[in-house]
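Note sheet for the following structure.
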Amino acid sequence: ELALVGGVHLSHDVAFWSVFCQLGALSRAQSIRPFSTEADGILIGEGVGFVVLKREEDARRDGDRIYAVIKGVGISSDGRSASLMNPSSEGQLLALERALGEAGLEPQTVGMVEAHGTGTPVGDQVELETLQQFFGSGNGGERASLGSVKSMIGHAMPAAGMAGLIKSAL
């Protein structure tokens, strides 16, 4: 009837982060700038975030404060690509299609996109191209706002995903 769901990242193991350093993924400017022309990589972050999930009818019955209703979830791999640092939009498009399809929503009804937005030039560019392909150019109509919680807390792995969900709900 109730689930505690969370994302936790509390690891600053040198061996783990040395891989990101070898890949050239860490920001040399020591500043994360998702979707910026000055973006040069990720910043390391740690965090813990949890939410309580209940069926909507149970939450209403119990008089709980409802911050958001999750109508659809879409997952996919990043698709075939040359490397971790060189993603493909194929899988990203599939995840968007699945999420909106499950929710019964059309792309033009979306008002906010909480993006992955790592601050890596190639990754962010592919993500922007994916969003433009899926949602259109936005010319002549309303545009959804675009954000990335990583610009505030760094790349905290699963904790960043949970922070993005909490940010979106609030």
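Starting from 1, each residue takes its place in the sequence as its number. Only heavy atoms go into these numbers, but all of them, side chains included; no hydrogens, no water, no symmetry mates.
- The residues E114 and K167 are annotated as salt-bridged, a charged nitrogen and a carboxylate oxygen being separated by less than 4.0 angstrom.
- The closest donor-acceptor contact from the side chain of S36 to the backbone of R33 lies at 3.5 Å or more, if one exists at all.
- Without hydrogens or angle criteria, E127 side chain to G117 main chain gives a donor-acceptor distance under 3.5 Å.
- Cluster membership check: I66 does not share its hydrophobic cluster with V73, using side-chain heavy-atom separations under 4.5 Å among Ile, Leu, Val, Met, Phe, Trp and Tyr.
- Put simply, CD1 on I153 and NE2 on H9 are 10.5 Å apart, with the number rounded to the nearest 0.5 Å.
- Shown here for T118 and I42, the closest heavy-atom pair between the two residues is O-CG2, 3.5 Å.
- Note that CD1 of I70 and CD of E56 are 11.0 Å apart. Values are rounded to the nearest 0.5 Å.
- At least one side-chain heavy atom of W17 sits under 4.5 Å from a side-chain heavy atom of L26.
- For the atom pair CZ (F20) and CG (L43), the distance works out to 12.5 Å, reported to the nearest 0.5 Å.
- Ring orientation note: the planes of H116 and H155 are nearly perpendicular, at an angle over 60° on the 30°/60° scale.
- Here the shortest heavy-atom pairing between S18 and A15 reads OG-O, 2.8 Å.
- Heavy atoms only, all atoms of each residue included: G47 and A156 are closest at N-CB, 4.3 Å.
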Dump the intermediate steps for salt bridge (charged side-chain N to carboxylate O under 4.0 Å, His left out) on K54 and D62, then the final yes or no. CA-CA 10 Å; K54 290 175 86 170; D62 296 343; 2.6 Å; yes
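- Other residues, nucleotides and ligands contribute over 12 non-hydrogen atoms within 6.0 Å of the CD atom of E57.
- No more than 12 heavy atoms of other residues, nucleotides or ligands sit less than 6.0 Å from atom CD1 of I75.
- At distances below 3.5 Å, not a single donor-acceptor pair connects side-chain atoms of T120 with backbone N or O atoms of V122.
- Taken to the nearest 0.5 Å, the OG1 atom of T130 stands 10.5 Å off from the CZ atom of F135.
- In this structure, Q133 CD and L128 CG are separated by 13.0 Å, a value rounded to the nearest 0.5 Å.
- Annotation: the span from I32 atom CD1 to S27 atom OG amounts to 8.0 Å, rounded to 0.5 Å.
- Hydrophobic clustering, with ILVMFWY side chains joined whenever heavy atoms are under 4.5 angstrom apart, groups L165 together with V5.
- No donor-acceptor pair closer than 3.5 Å links the side chain of D124 to the backbone N or O of A39.
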